[in-house]
Amino acid sequence: MLRRSSPWPRLVAAGLTAVIPLAAVPSARASTGSGAYTPGSAGLGDPYFPLAGNGGYDVAHYAVRLRFTPETRRLSATTTITARATKNLSRFDLDFSGPAISEVEVNGRRASYVRKGQELVVTPRRGLPSGKKFTVMVTYAGRPKPIKDRALGVAGWIDTEDGAVALAEPDGARSWFPANDHPRDKATFTFEVTAPEGLTVLANGEPDNSGVAGPRDGYRTSKWTMRHPMAPYLAMVAIGKFTVSRGTVGGKPNITAYDPSLAKEFKRLHSTTAKAIRWESKVFGDYPFSSTGGIADRLDVDYALETQGRPVYDTGMSDELVIVHELAHQWFGDSVGLRSWKDIWLNEGFASYAEWLYQEQHGGPSAERTFAEHYRHRAGSDFWKLKTGDPGRDGMFDWNAIYVRGAMTVHALRKEIGDKTFFTLLRTWARQNRHSTVTTKDLLALAERLSGRDLDDLFDAWLYRAAKPKP
Ligand code: TRP
Ligand code: ZN
């Protein structure tokens, strides 16, 4: 589902003005769809990922059904997408780089399709009218391959020794299910995963095994539901041998699991998750999802990922501050999502600043001290080389520009507006944009409104210059 804080920019872009009474808006929107049926675009215009996402529709729900055979590492799968056309569509694209497709159906009837690179172009028998719901069912089977990128690492479907884990930032969702693979289009998800009885299946959200058949032929089906809107890159499935812990935090389920061979390293995953969620709920406001947790496995990707409601941790990523970071993303990145990948600092700057704040409030160095240590980097050094607010596609996970200077930007803002306004800003930002998407401009506007100050120069100096800002 596409949501934004304010509908006005889109209406203005469509040639409407604020003088048109609100009641006229629905018919005005419908009338934009009365024209000819034309193809949806192959991308959403993201400057870093021009083919990510697709134009002409808005996904409401993904139902992902998978059968996984560990011996062959093959999947056989059906993904059913419920979407709404936002214009009259003669055809539309999905992002898909997964295994061989055997069939595509639109509204229950066979549709024709072609694959062009990462695009799956679907032509339904009849055009899809603007404003109307439609369903797309894609059936496919084979061995999925992860998306490997020299600058961004490995993402998507990852084989492990005893199963597989899917985690997909920034554009790896397409490796295992067809998607409108852009953070701007959130949707609810159900996962129905069939795997050998001896293996455990976990995914985002909560387990729901009512009415699911099995075991049969040694295979069992597990169902998980994410009932809050989620960007495709935050979808997660984990299959393998796991030691599972179940508890609650703040009245919501806390479900954590680790590969048994990681028991020593992750023995505190469950309790640290509960502790971090309790602290973050105090500082950032109510936890946005209906359960929490974490999954630790041997992935060999060398990162952790904030998969919605239940982050994934590679071996080596068990430090308390990593857990604090991934769980802070539940507010900043997952619930409050990105309109554009260019604003990735909004995710990483806030999650990294959560680590600084956690240390400050748990007997460690103050955030001011952490800031001061990084600020010692000399003007002209590589530390200041990229723009934090526009690092370039290959720089989107740059440690200095995005993680460290992202957090420094948040701290500079805190110093400028004072602690009281700053902590109000954190909670207001999370509450007002819950389950939605944002831009840096939205943050600037809110910070200016709450503080009553002009913050253009501060944002400009910290985000849009490849240079050390003045103290
Ligand atoms: N977003 C993840 C985090 O900070 C990290 C991450 C995902 C990452 N993919 C990456 C870091 C690729 C470097 C390269 O929690
Ligand atoms: Zn992060």
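We count residues from 1, following the sequence as given. Just the heavy atoms: all of them, side chains too, but no hydrogens, waters or symmetry mates, feed the values below. Order of appearance sets the numbers: ligands from 1, and atoms from 1 within every ligand.
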Between [X] and [Y]: side-chain donor-acceptor atoms closer than 3.5 Å:
X: Ser97; Y: Ser175; value: no
X: Trp279; Y: Gln361; value: yes
X: Thr440; Y: Asp343; value: yes

Contacts for ligand 1, heavy atom under 4.0 Å, by chain and number, are Leu152, Glu169, Tyr303, Ala304, Leu305, Glu306, His325, Glu326, His329, Glu348, Phe397, Tyr403
- Report, as yes or no, whether the 6.0 Å neighbourhood of atom CG on Asp149 holds more than 12 heavy atoms from other residues, nucleotides or ligands. yes
Rounded to the nearest 0.5 Å, the CG atom of Leu66 sits from the OG1 atom of Thr79 at a distance of 6.5 Å
- Query: Parallel, tilted or perpendicular: which describes the rings of Tyr375 and Phe371, with under 30° parallel and over 60° perpendicular?
  - Reply: parallel
- prompt: Should the pair Trp429 and Phe350 be assigned to parallel (<30°), tilted (30 to 60°) or perpendicular (>60°) ring geometry?
  reply: parallel
A side-chain contact here means heavy atoms from C-beta on lying under 4.5 Å apart; do Arg405 and Trp399 qualify? no
Residue pair Val404 / Ser352, side-chain heavy-atom distance below 4.5 Å: no
So the protein N/O/S atoms within less than 2.8 Å of the Zn ion (ligand 2) come down to His325 NE2, His329 NE2, Glu348 OE1
